[in-house]
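So the structure is just underneath, and the comments pick up after that.
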Number of protein chains: 2
Amino acid sequence: MSSDTTEQTDAVIVGLLFAAVQAVHVHFEHVASRYGLTVQQAKFLRSLEGPQPMRAVAVQNSCDPSNVTGVIDRIERLGLVQRTPDPSDRRVRLLSLTAEGRRVRRKIDSELDHVPALAGLSAHERSELARLLALV
Amino acid sequence: MSSDTTEQTDAVIVGLLFAAVQAVHVHFEHVASRYGLTVQQAKFLRSLEGPQPMRAVAVQNSCDPSNVTGVIDRIERLGLVQRTPDPSDRRVRLLSLTAEGRRVRRKIDSELDHVPALAGLSAHERSELARLLALV
DNA sequence: TATTGTTATACTCTATAACTATA
DNA sequence: TATAGTTATAGAGTATAACAATA
């Protein structure tokens, strides 16, 4: 057991961070697949708020714009997202969730509120973890 | 029971966890690519300790054994890993780092010890973060 | 000329299933 | 029969470059 005084290197923290994410990832994947979505598709779905251009979604998910086309294609095929032309700039396509898309996103969000890997943490540990992660 | 801090839901922590990982991921990717490696290849490299069967590597990285073949193929092509037959069971191939592989891994590890995203944390915050992440 | 979204291309990662060579 | 590793296959995500439509 590491004590409060043990110094931790970045590499150790990075290792722990990846391990922690993997534990959470398993649950995320399980939840997403229940709705026929991959993790990435679920992330895109969660990042969609109001109607916004593809470009904005690319920035939000820090990926190349050419990726957005494909990922959105697959979510759109499931009827969760729709593309509508922007009247003020006909180059732009605005993305927005369908009613079904909003329903699925709400369900996913609520299921993410019961992550087994986080069940062992006390209220104080949660807030402390949240505070520290926010610093990263 | 409630302390001076706000209570955090799982979803909030998951969001912060993913955000923190993304911040670290950028650095990891940068370091790995400097040695011609992808993030996944660098992870495999770091997970290799003594000579061990492919199977063990698959378990360690929690992926299907069929993946290991391809990823190791690519690292092997770079001369960082080698496959040697196990005398006690001729079905098994033992994986081990080459001298060059050990050198690269050491370098990567040392570069991971200076993660910009973690620079703002104090020694106490680091050990506390490490402790909490270990609980997840 | 510059920008938005798309397409074409190529590569990596991923799991499933079938295969081989051993055990 | 069972197991270790491979191969074949298919799909998803990724970036780069070239493209059409629009600004």
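Please read these numbers as outputs of a predicted model, since none were measured by experiment. Chain letters run A, B, ... following the sequence lines, proteins first and then strands; every chain starts at 1.
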Protein-nucleotide distance (A:I72, atom CD1; D:dG13, atom C1'), rounded to Å: 13 Å
What is the distance, rounded to the nearest whole Å, between atom CZ of A:R55 and atom P of D:dT22? 17 Å
Checking all strands, does A:R93 fall into the base, sugar-phosphate, or nothing category for heavy-atom contacts under 4.0 angstrom? sugar-phosphate
Between B:G70 and A:T69, which is nearer to the 5' end of DNA chain C once each is assigned its nearest nucleotide? A:T69
To the nearest Å, how far apart are A:I75 CD1 and D:dG11 P? 18 Å
Tell me which nucleotide among C:dG5, D:dA12, C:dC13 gets nearest to the side chain of A:Q41. D:dA12
Hey, does the side chain of A:R83 come within less than 4.0 Å of C:dT6's phosphate (OP1/OP2), counting only N and O? yes
Once each nucleotide of nucleotides 15-23 of chain C is scored for protein heavy atoms under 4.0 Å, what B/S/- sequence comes out, 5' to 3'? BBB---BBS
Donor-acceptor pairs are to be reported for all side-chain atoms of residues 67-76 of chain A against protein atoms at under 3.5 Å, with residues two or more places apart or in another chain.
unit_1: A:D73; atom_1: OD1; unit_2: A:R83; atom_2: NH2; d: 2.2
unit_1: A:E76; atom_1: OE1; unit_2: A:R83; atom_2: NE; d: 3.2
unit_1: A:E76; atom_1: OE1; unit_2: A:R83; atom_2: NH2; d: 3.1

Given D:dG13, C:dT6, C:dC13, the nucleotide with the shortest approach to the side chain of A:V71: D:dG13
Find the distance B:E76:CD to C:dT12:C1' and express it as a whole number of Å. 17 Å
Measure from CD on B:Q22 to P on D:dT14 and round the result to the nearest Å. 10 Å
By the salt bridge (Lys or Arg N to Asp or Glu O under 4.0 Å) test, which pairs, at least two apart or in different chains, include something from residues 37-50 of chain B? B:R46-B:D109, B:E49-B:R105
Value in whole Å for how far the C1' atom of C:dT6 lies from CG of A:L95: 13 Å
Would you list the pairs meeting salt bridge (Lys or Arg N to Asp or Glu O under 4.0 Å) in which at least one residue belongs to residues 11-40 of chain A, sequence neighbours left out? A:R34-A:E111
In whole Å, I'd like the distance from the CD atom of A:E29 to the P atom of C:dC13. 16 Å
Identify the two heavy atoms, one from A:A20 and one from B:L133, that lie closest to each other, and give their separation to 0.1 Å. CB-CD2, 3.9 Å
ring-ring contact (aromatic ring centres under 6.0 Å, His included) with A:F28: which residues, sequence neighbours excluded? B:F18
Give the C-alpha distance, both sets of side-chain angles, the deciding distance and a yes or no for salt bridge (Lys or Arg N to Asp or Glu O under 4.0 Å) between A:R126 and B:D10. CA-CA 8 Å; A:R126 277 153 196 269; B:D10 284 8; 2.5 Å; yes
Spacing of A:N61 atom CG relative to D:dG13 atom C1', expressed in whole Å: 12 Å
Not counting sequence neighbours, list each pair that qualifies as a salt bridge (Lys or Arg N to Asp or Glu O under 4.0 Å) and has a residue in residues 56-70 of chain B. none
